[in-house]
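Here's the structure, in structure tokens; my notes come after.
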Amino acid sequence: MAADCKSEAMATPPILEVRGLTLSYATRRLFGAPRATVVALQDISLELYEGQTLALVGPSGSGKSSLARCLVRLEQPRSGQIFYQGRNVLEMNRKTLKSTRREIQLIFQDSASALNSLLTIEQILAEPLVIHKVCPNSSEMAVRVRQLMDQVGLPQKWLSRRPLELSGGQRQRAAIARSLALRPKVLLLDEALSSLDLSTQGQIGNLLLDLRARHSMAYLWITHDLRFASLVADQVAVMDGGRIVRRVSHSELFTPTQQLGPGTLLSPSGSGETGDVSLVSLDK
Amino acid sequence: MWRFARRTVYGILIVATVSVFTFVLLSAAPGNFFDELRLNPQISPETVKALAIQYGLDRPLPVRYEHWIMSAARGEFGYSLSYRCAVGSLLWWRARNTLLLAGLATLLAWAIAVPWGVLEALHRGGWVDRVGGIATTILITIPEVLIALLLLLFAARTGWFPTGGMAAANSASGASLKGFWDLAVHLTLPVAALVAGLTPVLVRHVRTAMVAALNSPFVDAARGHGIPKWRLVYRHAFPVAANALISFLGFSIGALLSMSLLVEIVLSWPGLGPLVLEAILARDVHVVMAVVMLSSVFLVTGNLLADTLLYCSDPRIRAIA
């Protein structure tokens, strides 16, 4: 079923396409003289199709989050191109970028710091709606905000609460609700579930898969948990040392020879030049 | 409400404790107001002793403190031996002048520092930040007294500004436009000296607080939602950065009286500065005591105000309370 959907989707052009993306950070000495250049991404290319879930896995520091930040232009890459529906995101003017950001949403790992703790959940959910003038009046906005709360399974009475008054799982739901407020076409989930307990992970994971099925959304799911990636993704791209070193499809992940235990993680393999990424099972 | 009442009670206790310590320390300092009279051969030791008895200096410390407390309750704050009058009558108009000068300088310094610090934070690492950083570093390294002296030199050489006082000898009353203009001209140099000293420190604080807020993941998340830059600043980053700034505002209100003393002395502003300097040199204990108490009250009030502002501005503090 997943394979059918995938092949169907791949017949159309990718909704998001990355070509030869390179990102580096220059560190400076005390008085501004350049000290070193840290290469975060090297020649990254990938495609994401409508309705597809691409899992991006890799050890810490492999460049997964940097890639996600580049895709919403929170970082400016040194070279390369990012196409959203055929338009280069890196060459967009402010107005076009604003409308594109409406359609590509990033969900951060740490919801406690990703939500403004001074605002109420209602204000947080309404903010993107106000900015993008989605609702013509305040009563419609209130309705939309309540719908979002229902969508992620949060009680409406918590709208007046602030992020720090919610648990980690509830905050993550609120963060997801905020991202869904603008009905995006692409969702970038940067370790969005990794800080949650297993049961909450399952609940929110199911919610996201359900939303994907209903709205044909495309997900770029960043995780370091291969087993989780194998459960949710149509395709897995493995990153190491700022490069994509391996790509496997959903069916390849389930070959009988490669049994992935719970909590199977990727360990850093060094430079990533060889394309080898070792699997480390926590069960050992 | 209870929180505010509790803090007020703590404040009163702090002021009371400061009064005890100040009184004890001033009394423990060697010598007194009449010691200089002893050097004068025309005044007999008996006369000096009689004067000391007349002004109650022979009484035990607790009794003298009790008298001072009763006098403070009447608003007199003791008796000035130099001026031969109640300290309260010397204090109030000078405190008003000092407050006018320091309050205006603080207001101006904040008005300059907030946009300057925000601008530096928004362009961190860029040329605006670098030029601003160099300017604040230069201003911080110059002592306030040197700035005041340079301004005095400037006023003396150009004749554009008066070199002291707060009104010209032939000036009209303060209520008229001419009187107001005269006061503004006299205020210019002392205010400029204070603003030059205070602004760079405030800019550094504003910049640091704003950079921390702008680097927060929630600001990244807001940018990712397409929220425009200026809305990010005033709706998201600045309210978070304001916490640290409000605490510093409380401190700067608390320092209102003490911050201008040196500048007042150099630029001859008739505030508390010259009065307290003369009182210290003459060992006019009650005047010194009154000025210290006034500073202490300002410090407590500033902190109380900052606490209240924080309570009003930050819902997280209200939740904890």
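Within every chain, numbering begins at 1; the chains are lettered A, B, ... in the order of the sequence lines, protein sequences first and strands thereafter. What you see is a predicted model; the values in this text were computed from it and never measured.
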Identify which part of [X] has an atom lying under 4.5 Å from any heavy atom of chain B, answering side chain, backbone, both or neither.
{"X": "Arg102(A)", "value": "neither"}
{"X": "Leu164(A)", "value": "side chain"}
{"X": "Arg73(A)", "value": "backbone"}

Query raised in the report: Nearest 0.5 Å, what's the CG-CD distance between Asp220(B) and Glu75(A)?
Result: 8.0 Å
**Report entry** Non-hydrogen side-chain atoms of Pro228(B) and Ile131(A) separated by less than 4.5 Å
**Finding:** yes
**Report entry** Asn116(A) side chain reached by Phe218(B) side chain, heavy atoms, under 4.5 Å
**Finding:** yes
Query - Considering all heavy atoms, the nearest Lys98(A)-Gly226(B) contact - result: CG-O, 3.7 Å
Report task. Using the side-chain contact (heavy atoms from CB on, under 4.5 Å) rule, take Glu127(A) and His236(B) through it: C-alpha gap first, then chi angles, then the decisive distance, then the call. Result -> CA-CA 11 Å; Glu127(A) 184 77 349; His236(B) 293 269; 2.8 Å; yes
Requested in this report: Measure distances from Arg235(B) to the heavy atoms of chain A and classify the residue's part below 4.5 Å as side chain, backbone, both or neither.
Outcome: both
Query raised in the report: Judged by atom type as modelled, is there a donor-acceptor pair below 3.5 Å linking the side chain of His132(A) to the main-chain atoms of His225(B)?
Result: yes
**Report entry** Arg231(B), CZ: over 12 other non-hydrogen atoms inside 6.0 angstrom
**Finding:** yes
Query raised in the report: chain B: which of Val72(A), Ile124(A), Leu119(A) shares the most heavy-atom pairs with it under 4.5 Å?
Result: Leu119(A)
